[in-house]
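One structure below.
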Amino acid sequence: MDTLQLANCTLTAEEIIPLLASYRMIPQLLCEIIIDRAIAPISCTAEEIEQACQEFDRNWHLNGEAERQSWQSQYGLSQAQLENLATRRLRVEKFKQQTWGNKLESYFLQRKRQLDRVIYALIRTQDRWLASEIYFRILEGEQSFAELAREYSEGPEAETGGTIGPVELGTLHPILAQLLCTLTVGEVQPPITLGEWYVIRRVEKLIPAQLDDFMRQRLLQEKFEAWFQEQLQQLSPQEQIWMGITARNQLNLKDRQVAA
(Lines give C-alpha, C1' and ligand atoms only; values in the text may rest on other atoms or scores of the structure.)
Protein backbone atom coordinates (compact mmCIF):
# COMPACT_ATOMS: atom_id res chain seq x y z
CA MET A 1 0.00 0.00 0.00
CA ASP A 2 1.50 3.35 -1.09
CA THR A 3 -1.11 5.70 0.43
CA LEU A 4 -3.17 5.97 3.60
CA GLN A 5 -6.62 7.58 3.71
CA LEU A 6 -7.33 9.38 6.99
CA ALA A 7 -9.72 12.24 7.82
CA ASN A 8 -10.42 12.86 4.11
CA CYS A 9 -6.66 13.19 3.49
CA THR A 10 -4.56 10.93 1.34
CA LEU A 11 -1.09 10.44 2.80
CA THR A 12 1.77 8.95 0.83
CA ALA A 13 4.48 6.78 2.35
CA GLU A 14 6.96 9.64 1.87
CA GLU A 15 4.73 12.01 3.87
CA ILE A 16 4.14 9.75 6.86
CA ILE A 17 7.69 9.82 8.29
CA PRO A 18 7.91 13.66 8.41
CA LEU A 19 4.45 13.71 9.98
CA LEU A 20 5.58 11.32 12.71
CA ALA A 21 8.36 13.75 13.54
CA SER A 22 6.35 16.96 13.25
CA TYR A 23 3.49 15.56 15.37
CA ARG A 24 6.04 14.30 17.95
CA MET A 25 4.93 10.71 17.52
CA ILE A 26 8.50 9.35 17.38
CA PRO A 27 8.55 8.74 21.17
CA GLN A 28 5.44 6.56 20.96
CA LEU A 29 6.91 4.70 18.00
CA LEU A 30 10.14 4.09 19.92
CA CYS A 31 8.18 2.76 22.88
CA GLU A 32 6.26 0.32 20.73
CA ILE A 33 9.43 -0.86 18.96
CA ILE A 34 11.11 -1.59 22.31
CA ILE A 35 8.12 -3.65 23.40
CA ASP A 36 7.78 -5.44 20.05
CA ARG A 37 11.41 -6.54 20.17
CA ALA A 38 10.92 -7.93 23.67
CA ILE A 39 7.78 -9.91 22.84
CA ALA A 40 8.96 -11.15 19.43
CA PRO A 41 9.86 -14.64 20.80
CA ILE A 42 6.48 -14.96 22.57
CA SER A 43 4.02 -17.19 20.75
CA CYS A 44 0.31 -17.88 21.09
CA THR A 45 -1.66 -21.02 20.50
CA ALA A 46 -4.03 -21.30 17.55
CA GLU A 47 -6.95 -21.05 19.96
CA GLU A 48 -5.54 -17.89 21.57
CA ILE A 49 -5.00 -16.31 18.16
CA GLU A 50 -8.55 -17.11 17.10
CA GLN A 51 -10.02 -15.68 20.32
CA ALA A 52 -7.89 -12.54 20.00
CA CYS A 53 -8.97 -12.03 16.39
CA GLN A 54 -12.63 -12.44 17.35
CA GLU A 55 -12.21 -9.84 20.08
CA PHE A 56 -10.43 -7.57 17.58
CA ASP A 57 -13.38 -7.87 15.20
CA ARG A 58 -15.80 -6.95 17.98
CA ASN A 59 -13.76 -3.93 19.00
CA TRP A 60 -13.59 -2.66 15.41
CA HIS A 61 -17.19 -3.67 14.59
CA LEU A 62 -16.01 -5.91 11.77
CA ASN A 63 -18.75 -8.29 10.73
CA GLY A 64 -17.39 -11.18 8.75
CA GLU A 65 -14.30 -11.99 6.73
CA ALA A 66 -15.02 -9.46 3.99
CA GLU A 67 -15.06 -6.50 6.39
CA ARG A 68 -11.91 -7.72 8.10
CA GLN A 69 -10.08 -8.01 4.78
CA SER A 70 -11.26 -4.54 3.80
CA TRP A 71 -9.88 -3.18 7.07
CA GLN A 72 -6.58 -4.98 6.47
CA SER A 73 -6.38 -3.53 2.99
CA GLN A 74 -7.03 -0.01 4.24
CA TYR A 75 -4.05 -0.17 6.60
CA GLY A 76 -1.84 -2.43 4.49
CA LEU A 77 -1.69 -5.27 7.00
CA SER A 78 -1.03 -8.88 6.10
CA GLN A 79 -2.82 -11.66 7.96
CA ALA A 80 0.28 -12.30 10.07
CA GLN A 81 0.53 -8.59 10.95
CA LEU A 82 -3.15 -8.50 11.87
CA GLU A 83 -2.72 -11.51 14.15
CA ASN A 84 0.30 -9.86 15.77
CA LEU A 85 -1.80 -6.75 16.37
CA ALA A 86 -4.71 -8.74 17.79
CA THR A 87 -2.52 -10.81 20.13
CA ARG A 88 -0.14 -8.03 21.17
CA ARG A 89 -1.67 -7.38 24.57
CA LEU A 90 -1.73 -11.08 25.36
CA ARG A 91 1.90 -11.48 24.30
CA VAL A 92 2.90 -8.55 26.52
CA GLU A 93 1.20 -10.25 29.48
CA LYS A 94 2.95 -13.52 28.64
CA PHE A 95 6.27 -11.69 28.48
CA LYS A 96 5.68 -10.23 31.94
CA GLN A 97 4.74 -13.61 33.36
CA GLN A 98 7.67 -15.46 31.76
CA THR A 99 10.18 -12.79 32.83
CA TRP A 100 9.09 -12.04 36.40
CA GLY A 101 6.33 -14.47 37.32
CA ASN A 102 8.60 -16.78 39.31
CA LYS A 103 10.12 -13.81 41.19
CA LEU A 104 6.91 -12.23 42.43
CA GLU A 105 6.90 -13.87 45.87
CA SER A 106 10.33 -12.50 46.79
CA TYR A 107 9.54 -9.12 45.24
CA PHE A 108 6.29 -8.98 47.18
CA LEU A 109 8.13 -9.64 50.43
CA GLN A 110 10.55 -6.80 49.62
CA ARG A 111 7.64 -4.43 48.98
CA LYS A 112 5.20 -5.71 51.58
CA ARG A 113 5.90 -3.08 54.23
CA GLN A 114 5.13 -0.34 51.68
CA LEU A 115 2.07 -2.18 50.37
CA ASP A 116 0.49 -2.80 53.78
CA ARG A 117 -2.39 -0.41 54.40
CA VAL A 118 -3.35 1.44 57.51
CA ILE A 119 -6.33 3.37 58.82
CA TYR A 120 -5.16 5.96 61.31
CA ALA A 121 -6.31 9.07 63.12
CA LEU A 122 -4.31 12.27 62.98
CA ILE A 123 -4.34 15.68 64.60
CA ARG A 124 -1.88 18.26 63.32
CA THR A 125 -1.19 21.79 64.43
CA GLN A 126 1.64 24.29 64.13
CA ASP A 127 1.25 25.23 67.79
CA ARG A 128 3.56 23.11 69.93
CA TRP A 129 1.80 23.91 73.22
CA LEU A 130 -1.64 23.29 71.77
CA ALA A 131 -0.48 19.90 70.53
CA SER A 132 0.67 18.95 74.02
CA GLU A 133 -2.61 20.13 75.54
CA ILE A 134 -4.65 18.13 73.01
CA TYR A 135 -2.59 15.03 73.73
CA PHE A 136 -3.19 15.24 77.49
CA ARG A 137 -6.90 15.90 76.96
CA ILE A 138 -7.10 12.65 75.02
CA LEU A 139 -5.18 10.73 77.70
CA GLU A 140 -7.41 12.13 80.45
CA GLY A 141 -10.54 11.31 78.49
CA GLU A 142 -11.74 14.92 78.57
CA GLN A 143 -12.65 14.80 74.89
CA SER A 144 -12.51 12.14 72.20
CA PHE A 145 -9.85 12.08 69.53
CA ALA A 146 -12.50 12.77 66.89
CA GLU A 147 -13.89 15.80 68.73
CA LEU A 148 -10.44 17.33 69.18
CA ALA A 149 -9.51 16.63 65.56
CA ARG A 150 -12.62 18.39 64.29
CA GLU A 151 -11.96 21.35 66.56
CA TYR A 152 -8.21 21.81 66.28
CA SER A 153 -6.63 19.82 63.45
CA GLU A 154 -5.40 22.14 60.71
CA GLY A 155 -5.55 19.68 57.81
CA PRO A 156 -8.38 18.16 55.74
CA GLU A 157 -8.60 15.28 58.24
CA ALA A 158 -10.51 17.66 60.52
CA GLU A 159 -13.60 16.99 58.41
CA THR A 160 -13.43 13.25 59.18
CA GLY A 161 -12.65 13.51 62.87
CA GLY A 162 -8.98 12.90 62.13
CA THR A 163 -9.53 9.56 60.38
CA ILE A 164 -7.41 8.86 57.28
CA GLY A 165 -7.32 5.76 55.15
CA PRO A 166 -7.01 3.07 54.32
CA VAL A 167 -3.76 4.18 52.67
CA GLU A 168 -0.61 2.28 51.76
CA LEU A 169 2.28 2.89 54.13
CA GLY A 170 4.52 3.51 51.14
CA THR A 171 2.54 6.64 50.26
CA LEU A 172 3.09 8.28 53.66
CA HIS A 173 5.95 10.39 54.98
CA PRO A 174 8.68 7.81 55.82
CA ILE A 175 8.90 8.89 59.46
CA LEU A 176 5.11 8.75 59.89
CA ALA A 177 4.94 5.36 58.17
CA GLN A 178 7.64 3.96 60.44
CA LEU A 179 5.92 5.28 63.55
CA LEU A 180 2.53 3.89 62.54
CA CYS A 181 4.10 0.46 61.99
CA THR A 182 5.34 0.39 65.58
CA LEU A 183 2.09 1.52 67.22
CA THR A 184 -0.41 -0.81 68.83
CA VAL A 185 -3.92 -0.40 67.46
CA GLY A 186 -5.72 2.21 69.57
CA GLU A 187 -2.53 3.59 71.10
CA VAL A 188 -2.10 7.38 71.11
CA GLN A 189 1.45 8.72 71.01
CA PRO A 190 2.78 12.14 72.12
CA PRO A 191 3.17 14.83 69.45
CA ILE A 192 6.14 14.55 67.10
CA THR A 193 7.49 17.08 64.62
CA LEU A 194 6.90 16.42 60.92
CA GLY A 195 8.02 19.40 58.88
CA GLU A 196 6.10 22.41 60.12
CA TRP A 197 3.55 20.31 62.02
CA TYR A 198 3.22 18.85 65.49
CA VAL A 199 1.40 15.59 64.93
CA ILE A 200 -0.60 13.32 67.24
CA ARG A 201 -1.52 9.94 65.75
CA ARG A 202 -3.39 6.77 66.56
CA VAL A 203 -3.60 3.55 64.54
CA GLU A 204 -7.16 2.38 63.98
CA LYS A 205 -6.47 -0.69 61.84
CA LEU A 206 -3.57 -2.36 60.04
CA ILE A 207 -4.45 -4.20 56.81
CA PRO A 208 -1.67 -6.55 55.64
CA ALA A 209 -1.10 -6.71 51.88
CA GLN A 210 -2.02 -10.00 50.21
CA LEU A 211 -0.41 -11.56 47.15
CA ASP A 212 -3.72 -12.09 45.36
CA ASP A 213 -4.39 -11.90 41.61
CA PHE A 214 -4.79 -8.12 41.66
CA MET A 215 -1.51 -7.66 43.54
CA ARG A 216 0.29 -10.05 41.18
CA GLN A 217 -0.81 -8.00 38.18
CA ARG A 218 0.24 -4.78 39.89
CA LEU A 219 3.69 -6.11 40.76
CA LEU A 220 4.19 -7.53 37.27
CA GLN A 221 3.37 -4.09 35.88
CA GLU A 222 5.86 -2.47 38.28
CA LYS A 223 8.60 -4.83 37.13
CA PHE A 224 7.67 -4.23 33.50
CA GLU A 225 7.82 -0.45 33.91
CA ALA A 226 11.20 -0.66 35.66
CA TRP A 227 12.50 -2.86 32.83
CA PHE A 228 11.17 -0.39 30.27
CA GLN A 229 12.99 2.50 31.93
CA GLU A 230 16.19 0.48 31.70
CA GLN A 231 15.60 -0.01 27.98
CA LEU A 232 15.21 3.74 27.50
CA GLN A 233 18.64 4.29 29.02
CA GLN A 234 20.12 2.10 26.28
CA LEU A 235 18.78 4.22 23.41
CA SER A 236 21.09 6.35 21.31
CA PRO A 237 21.64 9.97 22.46
CA GLN A 238 19.38 11.28 19.69
CA GLU A 239 16.63 8.79 20.56
CA GLN A 240 16.92 9.74 24.22
CA ILE A 241 16.37 13.38 23.27
CA TRP A 242 13.15 12.33 21.53
CA MET A 243 12.11 10.55 24.72
CA GLY A 244 12.89 13.61 26.83
CA ILE A 245 15.88 11.96 28.51
CA THR A 246 18.48 14.73 28.72
CA ALA A 247 22.01 14.66 30.05
CA ARG A 248 20.74 16.53 33.14
CA ASN A 249 18.09 13.88 33.73
CA GLN A 250 20.71 11.16 33.41
CA LEU A 251 22.96 12.99 35.89
CA ASN A 252 20.09 13.32 38.35
CA LEU A 253 19.32 9.62 37.92
CA LYS A 254 22.96 8.70 38.66
CA ASP A 255 22.95 10.99 41.71
CA ARG A 256 19.81 9.28 43.02
CA GLN A 257 21.35 5.85 42.44
CA VAL A 258 24.52 6.86 44.33
CA ALA A 259 22.47 8.34 47.16
CA ALA A 260 20.42 5.15 47.39
Side-chain angles (χ1 to χ4, degrees), residues 1-7 9-62 68-104 107 216-254 256-257:
M1 184 184 71
D2 296 325
T3 62
L4 177 64
Q5 188 74 27
L6 287 175
C9 295
T10 301
L11 304 175
T12 65
E14 291 77 13
E15 292 173 319
I16 290 176
I17 294 177
L19 285 176
L20 288 174
S22 63
Y23 293 158
R24 300 192 60 81
M25 298 179 69
I26 297 296
Q28 181 64 29
L29 184 60
L30 280 169
C31 292
E32 303 303 337
I33 288 172
I34 290 171
I35 295 172
D36 276 345
R37 287 176 178 171
I39 66 175
I42 307 296
S43 61
C44 295
T45 66
E47 181 180 0
E48 288 172 335
I49 293 172
E50 179 59 27
Q51 290 178 348
C53 287
Q54 290 176 2
E55 182 179 355
F56 181 87
D57 288 347
R58 288 193 296 270
N59 291 339
W60 283 91
H61 305 291
L62 302 176
R68 182 194 288 182
Q69 289 183 358
S70 176
W71 191 95
Q72 288 179 233
S73 177
Q74 179 181 358
Y75 295 104
L77 296 176
S78 66
Q79 181 61 29
Q81 289 170 325
L82 177 66
E83 290 176 358
N84 280 338
L85 175 60
T87 60
R88 194 170 190 271
R89 182 180 302 175
L90 174 59
R91 288 182 292 121
V92 168
E93 293 305 316
K94 284 190 172 189
F95 169 74
K96 295 178 187 176
Q97 188 63 44
Q98 290 181 15
T99 308
W100 301 289
N102 62 351
K103 304 173 184 176
L104 282 187
Y107 182 55
R216 286 179 179 276
Q217 289 303 313
R218 172 179 170 176
L219 296 181
L220 281 175
Q221 184 63 24
E222 283 186 10
K223 298 295 284 185
F224 178 76
E225 291 175 1
W227 165 84
F228 187 78
Q229 292 302 315
E230 293 174 358
Q231 305 309 302
L232 293 182
Q233 299 301 320
Q234 299 175 23
L235 295 174
S236 71
Q238 186 178 53
E239 290 169 338
Q240 289 192 7
I241 292 173
W242 270 114
M243 298 302 299
I245 305 172
T246 64
R248 181 179 297 275
N249 288 339
Q250 290 178 338
L251 182 60
N252 290 340
L253 176 62
K254 291 179 181 178
R256 289 196 297 272
Q257 290 172 338

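What you see is a predicted model; the values in this text were computed from it and never measured.
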Practice problem: With sequence neighbours left out, write down each residue that passes side chain to side chain contact (heavy atoms under 4.5 Å, CB included) with Gln221, or none if nothing qualifies. | Solution: Lys96, Phe224, Glu225

Quiz item: At what distance, to the nearest 0.5 angstrom, does CG of Leu11 lie from CD of Gln5?
Solution: 8.0 Å

Quiz prompt | Close side-chain approach of Met243 to Cys31, heavy-atom, < 4.5 Å | solution = yes

Quiz item: What distance do Ile34 atom CD1 and Glu230 atom CD have between them, rounded to the nearest 0.5 Å?
Solution: 11.5 Å

Quiz item: Given side chains that start at C-beta, do those of Trp227 and Thr99 come closer than 4.5 Å, heavy atoms only?
Solution: no

Quiz item: Just checking, is any N or O donor in the side chain of Glu50 or Gln54 under 3.5 Å from an acceptor N or O on the other one?
Solution: yes

Exercise. Apply side-chain contact (heavy atoms from CB on, under 4.5 Å) to the pair Asp36 and Asn84, showing each step before the final yes or no.
Key: CA-CA 10 Å; Asp36 276 345; Asn84 280 338; over 6 Å; no

Exercise. Write down the atom of Ile26, the atom of Ala21, and the distance for their closest heavy-atom approach.
Key: CG1-CA, 3.9 Å

Practice problem: Specify the closest pair of heavy atoms between Arg91 and Ile42, including all atoms of both residues, with the distance to one decimal. | Solution: CD-O, 3.5 Å

Quiz prompt | Smallest separation among heavy atoms of Gln81 and Gly76, with atom names | solution = OE1-O, 3.6 Å

Quiz item: Roughly how far, to the nearest 0.5 Å, is the CD atom of Gln98 from the CD1 atom of Ile39?
Solution: 11.0 Å

Quiz item: Do Leu82 and Trp71 have side chains that get closer than 4.5 Å, going by heavy atoms?
Solution: yes

Practice problem: May I ask you to decide if Met25's main-chain N or O and Gln28's side chain share a donor-acceptor pair within less than 3.5 Å? | Solution: no

Quiz item: Does the Thr87 side chain pair with the main chain of Leu90, one donor and one acceptor, at a distance under 3.5 Å?
Solution: no

Self-check item: side-chain contact (heavy atoms from CB on, under 4.5 Å) between Lys223 and Leu220, worked out
Solution: CA-CA 5 Å; Lys223 298 295 284 185; Leu220 281 175; 5.7 Å; no

Quiz item: Distance from Glu222 atom CD to Leu104 atom CG, nearest 0.5 Å?
Solution: 10.0 Å

Exercise. Begin from the C-alpha positions of Glu93 and Arg89 and carry the test salt bridge (charged side-chain N to carboxylate O under 4.0 Å, His left out) through to its verdict.
Key: CA-CA 6 Å; Glu93 293 305 316; Arg89 182 180 302 175; over 6 Å; no

Self-check item: Sub-4.5 Å side-chain heavy-atom contact between Asn59 and Glu55
Solution: yes

Quiz item: Do Ile35 and Arg88 have side chains that get closer than 4.5 Å, going by heavy atoms?
Solution: yes

Practice problem: Could you walk me through whether Arg68 and Gln79 pass side-chain contact (heavy atoms from CB on, under 4.5 Å), step by step? | Solution: CA-CA 10 Å; Arg68 182 194 288 182; Gln79 181 61 29; 4.0 Å; yes

